Trainee: 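Here it is, the structure, as structure tokens.
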Amino acid sequence: MPLSTQPYKGARDFYPPDKRLQKYLFKTMRKVVERFGYEEYDAPILESLELYLAKTGDEIINEQTYTFTDRGGRQIAIRPEMTPSVSRMVAAQRQQLTYPLRWYSIPNLWRYERPQRGRLREHWQLNVDLFGIEELTAEHEIIQLADTILQEFKAKRSQYTIKINSRKLTNSFMTDYLNLSTVQSQTLGKLIDRMHKMTMAEFSADAEAILSPSQRDKGITSKLLDSLTVKDLNELPDEIYRNNSVSELKRLINLLHGSDIKNIEFDFTLMRGFDYYTDIVFEIFDADPENNRSMFGGGRFDGLVGLFGVEPVPTIGFGMGDVTLFNFLESHNLLPKPKSETEAYVVLVGDVYEQAQKTINLLRGMDLNIAVDLSGRKPASQIKNAVKKEIAYAIFIGEKDLAEGQFNLKNLATGNEERHSLERIVSMIKDHRK
RNA sequence: GCGGACGUAGCUCAGUUAGGUAGAGCGUCGGGUUGUGGUCCCGAAUGUCGUGGGUUCGAGCCCCAUCGUUCGCCCCA
């Protein structure tokens, strides 16, 4: 039985063309995030299991987290998300950091589950967090940043929708307006999260099952349905409309409109899975009706840093996974075909490997990325090779060229070929970089 | 963890109701004379038909198991 060449289930190999694309994704993310003044941090892929026990639902720990016991008997987890790690880091230096912190990272994360479209066992995720700002300006900046990343990927605003909601508002809605118990609110919250996957009839049946007979008699089900289906904050029932969260959401929407972000919608059914969100949550959806799925999202979690025994730090952030982003860009034809890191391919004409060394070293010394063909095959084959590797230029080196100090530079995309000195060739290739 | 679909050359796939040395396109390699690709022509290599077992005179085609891929459910960053 030979060894299998397949990568581990739900994990990907990145062959050079794949890695090139991934580098493009990350480079674009980094460019935008750093333009907003965010700094990169990193943390270990292994964390103590208890880091995830306090804050997340039990589900993640029991079923979706890779865990093992190390040789010292410690319970270890492979990180399923970055937020606990970054909260830990902030808490550890709570007193000496200068706020606000604008931090980002692109970690690889692991979850143990059956792979499906857009959800693998290992994925990379851009994590952006803003620590230390309570004001709504933080929400505005973070959502604007998320939008700018998609803009940088050349997405049109008609291709995605930003939905926002407030956990505070939803909680107040359930406990104050509907008078539900804490347990009922939690169960209902999970149900609302799945609302768009079911019919209205199914949803109201499941909702009724959560209510007590007397609650059902008070017509809570219809109150619930009427409010949840509202598309505009102004249509909310008066008792809810008076809630402070409504004016905050309105202000946030205004701020975003002012930044030209008009594809933003209030969605009262937007929940997001994690319990640690405390206030505003948002999620970006693919607007394509064929692929109307959630791409990524985030929200405010003011309580996490405080779990480490230090004074709490208000925080808002989001995570953007590479798999869903890739699917989005691919389905909207927004993926470029990045060129090779190798800038020129040296085609050796005849048996000149040794004589050509000086020239090749000169090129490399001028800061060019040069690959030399070592096959000894005829020039036609060497060119084909360069084309397949998506290298932009070929430089021909034969005895005649070495003697004259002039070389043919061929643009492999256009087929255009010119004969120049080495210096001129170097500057032409460098001009092509931008 | 649950359900559906799929698994044939490097890739995409065709293989009729089970029967003869298992096919195509693309790709790869070589050639079309000695310094030039993406077009054209000629030629070549490559598969224990995912794996294991069963039914049968005979299985790529049927049955079971297993591994993997994929879509969905559960769950969700």
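Any value given below was found using the heavy atoms of this structure, including those in side chains, with hydrogens, waters and symmetry copies removed. Just so it is clear, the structure is predicted and the values come from calculations on it, not from any experiment.
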Trainee: Could you tell me whether Arg102(A) sits above the aromatic face of Phe36(A), with NZ or CZ closer than 6.0 angstrom to the six-membered ring centre and within 45 degrees of the axis?
Mentor: no

Trainee: Write down the distance separating the C1' atoms in G31(B) and C71(B), rounded off to the nearest Å.
Mentor: 47 Å

Trainee: Can you tell me how far P in C74(B) sits from the matching atom in U16(B), rounded to whole Å?
Mentor: 38 Å

Trainee: Provide the distance between the two P atoms, one in G10(B) and one in C29(B), to the nearest whole Å.
Mentor: 15 Å

Trainee: Is the distance between the ring centroids of Tyr41(A) and Tyr104(A) under 6.0 Å?
Mentor: no

Trainee: Using the P atoms only, state how far U46(B) lies from G19(B), rounded to an integer number of Å.
Mentor: 26 Å

Trainee: Using whole Å, what does the distance between atom C1' of nucleotide C76(B) and atom CZ of Arg272(A) come to?
Mentor: 9 Å

Trainee: In whole angstrom, give me the gap between the C1' atoms of U34(B) and G15(B).
Mentor: 46 Å

Trainee: Atom CZ of Arg121(A) and atom C1' of C75(B): how far apart are they, to the nearest Å?
Mentor: 14 Å

Trainee: Is it true that Glu283(A) and Arg272(A) have a side-chain N and a carboxylate O under 4.0 angstrom from each other?
Mentor: yes

Trainee: It should be established whether Lys9(A) places a side-chain nitrogen or oxygen under 4.0 Å from OP1 or OP2 of nucleotide C67(B).
Mentor: no

Trainee: Are Gln22(A) and Lys19(A) close enough, and set up right, to give a side chain to side chain donor-acceptor pair (under 3.5 Å), and what steps lead you there?
Mentor: CA-CA 5 Å; Gln22(A) 193 197 46; Lys19(A) 191 66 186 177; 2.7 Å; yes

Trainee: What about the rings of Phe296(A) and Phe318(A), do their centers lie closer together than 6.0 Å?
Mentor: yes

Trainee: Does a side-chain N or O from Lys378(A) land closer than 4.0 Å to OP1 or OP2 of G31(B), or not?
Mentor: yes

Trainee: Looking at Arg419(A) and Asp401(A), does any basic side-chain N land under 4.0 Å from a carboxylate oxygen?
Mentor: yes

Trainee: How close or far is atom P of U70(B) from atom CD of Gln116(A), stated in whole angstroms?
Mentor: 11 Å

Trainee: Would a distance-only check, ignoring hydrogens and angles, find a side-chain to backbone donor-acceptor pair under 3.5 Å from Arg74(A) to Ser48(A)?
Mentor: no

Trainee: Assess Lys163(A) against Phe285(A): is NZ or CZ under 6.0 Å from the centre of the six-membered ring, and within 45 degrees of the ring's axis?
Mentor: yes

Trainee: Using a 4.0 Å heavy-atom cut-off, does Gln125(A) contact any base of the nucleic acid, only the sugar-phosphate backbone, or nothing at all?
Mentor: sugar-phosphate

Trainee: Below the 4.0 Å mark, does C29(B) have OP1 or OP2 next to a side-chain nitrogen or oxygen of Arg377(A)?
Mentor: yes

Trainee: Measure from CZ on Arg117(A) to P on C73(B) and round the result to the nearest Å.
Mentor: 13 Å

Trainee: Under the side chain to side chain donor-acceptor pair (under 3.5 Å) rule, what do Gln184(A) and Gln215(A) come out as? Steps first, then yes or no, please.
Mentor: CA-CA 11 Å; Gln184(A) 283 178 318; Gln215(A) 286 172 323; 2.8 Å; yes

Trainee: If you measure from the P atom in U33(B) to the same atom in G38(B), how many Å do you get, rounded?
Mentor: 14 Å

Trainee: Quick test: give all pairs of protein nitrogen or oxygen and nucleotides 35-45 of chain B nitrogen or oxygen below 3.5 Å, distance rounded to 0.1 Å.
Mentor:
unit_1	atom_1	unit_2	atom_2	d
G35(B)	O6	Asp401(A)	OD2	3.4
G35(B)	N1	Asp401(A)	OD1	3.3
G35(B)	N1	Asp401(A)	OD2	2.8
U36(B)	O2	Lys410(A)	NZ	3.1
U36(B)	O2	Glu417(A)	OE1	3.1
U36(B)	N3	Glu417(A)	OE1	2.9
U36(B)	N3	Glu417(A)	OE2	2.8
U36(B)	O4	Asn408(A)	ND2	3.0
U36(B)	O4	Glu417(A)	OE2	2.6
G37(B)	N7	Lys410(A)	NZ	3.4
G37(B)	O6	Gly415(A)	N	3.3
G37(B)	N1	Leu412(A)	O	2.6
G37(B)	N2	Leu412(A)	O	3.1
G38(B)	N2	Ala413(A)	O	3.1

Trainee: Closer than 4.0 angstrom, basic N to acidic O: yes or no for Glu418(A) and Lys410(A)?
Mentor: no

Trainee: Can you tell me how far C1' of U69(B) sits from CZ of Arg119(A), to the nearest Å?
Mentor: 18 Å

Trainee: Name the orientation class of the two ring planes belonging to Phe266(A) and Phe268(A) (parallel below 30°, tilted from 30 to 60°, perpendicular beyond 60°).
Mentor: tilted

Trainee: So, does Arg194(A) get its side chain near the phosphate of C75(B), meaning an N or O under 4.0 Å from OP1 or OP2?
Mentor: yes

Trainee: In whole Å, what separates the P atom of C61(B) from that of U8(B)?
Mentor: 13 Å

Trainee: With sugar-phosphate meaning primed atoms plus P, OP1 and OP2, does Arg114(A) contact a base, only sugar-phosphate, or nothing at under 4.0 Å between heavy atoms?
Mentor: base

Trainee: Counting only side-chain N and O atoms of Lys190(A), is one of them less than 4.0 Å from OP1 or OP2 of C74(B)?
Mentor: no

Trainee: Round to the nearest Å and state the distance from Tyr8(A) atom OH to C67(B) atom C1'.
Mentor: 14 Å

Trainee: Take atom C1' in A65(B) and the same atom in A24(B), then report the distance between them in whole Å.
Mentor: 33 Å

Trainee: As a check on the pairing definition, encode RNA chain B in dot-bracket form, counting Watson-Crick and G-U wobble pairs whose two distances are under 3.5 Å, and using | for partners outside this strand.
Mentor: (((((((..((((.....[...)))).(((((.......))))).....(((((..]....))))))))))))....

Trainee: Output the rounded distance in Å from CG (Leu191(A)) to C1' (C75(B)).
Mentor: 15 Å

Trainee: What is the distance, to the nearest angstrom, from the OH atom on Tyr15(A) to the C1' atom on C11(B)?
Mentor: 13 Å

